Amino acid sequence: MFLLWALAILDLLSMAVMMLFHFSFIPWRLIFPFAMYLILKGIAFRDWTSIVDMAIGIYMLGMIVLGLHTWVVYLALLWFLEKARAS
């Protein structure tokens with residue numbers, strides 16, 4: 001039970017950091033660990049929800065490396081809010 005709550009909190013933190021980076025409030029060094037967390041979670045659990053998380057982590061890397069700032073960030077926001085509500 002504790003692990004589920006911890007993962008939900010880390011997902012919400014990932015969402016917050018991604019939104020802050022999207023609006024240029026924080027540097028890339030703060031978003032990178034959360035992107036790695038989401039990618040590694042997708043590799044470790046391998047269910048469809050974690051694979052979506054992994055795709056969001058890859059998008060976060062794209063935000064850092066390629067400068068992506070598109071509407072996909074809002075889809076990720078909705079995804080994480082729904083996951084948090086379901087938790």
Side-chain angles (χ1 to χ4, degrees):
M1 181 64 106
F2 174 75
L3 180 63
L4 292 176
W5 279 95
L7 291 175
I9 290 170
L10 283 173
D11 285 347
L12 286 175
L13 283 172
S14 298
M15 175 198 65
V17 167
M18 182 174 59
M19 293 304 293
L20 288 171
F21 184 76
H22 177 72
F23 292 111
S24 301
F25 287 120
I26 60 172
W28 68 269
R29 289 178 193 91
L30 294 178
I31 194 174
F32 184 74
F34 290 99
M36 289 293 100
Y37 154 73
L38 291 173
I39 291 169
L40 291 174
K41 188 171 86 167
I43 292 169
F45 291 114
R46 294 187 188 149
D47 62 335
W48 72 272
T49 56
S50 293
I51 291 176
V52 172
D53 288 344
M54 184 172 62
I56 293 171
I58 292 169
Y59 177 78
M60 289 167 77
L61 288 180
M63 290 174 74
I64 295 168
V65 176
L66 303 174
L68 296 176
H69 293 281
T70 64
W71 53 271
V72 175
V73 74
Y74 299 110
L75 288 177
L77 171 71
L78 291 174
W79 172 256
F80 284 127
L81 287 176
E82 178 57 30
K83 278 182 61 179
R85 186 196 63 79
S87 294

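Because the structure is a prediction, the values reported are computed rather than measured.
We find the CG-CG distance between Leu4 and Asp11 to be 10.5 Å, quoted to the nearest 0.5 Å. The NZ atom of Lys83 lies 8.0 Å from the CG atom of Leu7; values are rounded to the nearest 0.5 Å. Here CZ of Phe45 is found 13.0 Å from CE of Met54. Values are rounded to the nearest 0.5 Å. Taken to the nearest 0.5 Å, the CD1 atom of Ile39 stands 4.0 Å off from the CG atom of Leu61. One finds the CH2 atom of Trp71 at 13.5 Å from the CG atom of Leu77 (value rounded to the nearest 0.5 Å).
Atom CZ of Phe25 sits in a sparse spot, with 12 or fewer heavy atoms from other residues, nucleotides or ligands closer than 6.0 Å. For CZ of Phe32, the number of neighbouring non-hydrogen atoms (other residues, nucleotides, ligands) closer than 6.0 Å is 12 at most.
Inter-residue side-chain proximity for Phe80 and Ile56 is flagged as met; some heavy-atom pair is nearer than 4.5 Å. Proximity of Trp79 to Asp53: side-chain heavy atoms (C-beta onward) are separated by under 4.5 Å at one or more points. Counting heavy atoms from C-beta on, the side chains of His69 and Met63 come closer than 4.5 Å. The shortest side-chain heavy-atom distance between Val73 and Phe21 does not fall under the 4.5 Å cut-off.
Across all their heavy atoms, Ile31 and Met18 have their closest contact at CD1-CA, 4.0 Å. Scanning all heavy atoms of the two residues, the minimum distance from Gly57 to Ala35 falls at O-CB, 3.7 Å.
Between Tyr74 and His22, the ring planes are perpendicular. Angles over 60° get that label, and only those under 30° would be called parallel.
Of the possible polar contacts, one joining the Ser14 side chain to the Leu10 backbone as a donor-acceptor pair under 3.5 Å is found.
Tracing side-chain contacts under 4.5 Å through hydrophobic residues (I, L, V, M, F, W, Y), one never reaches Val72 starting from Leu78; they form parts of separate clusters. Side-chain heavy atoms closer than 4.5 Å link hydrophobic residues (I, L, V, M, F, W, Y) into clusters, and following such links, even through other members, never connects Phe34 to Trp5.
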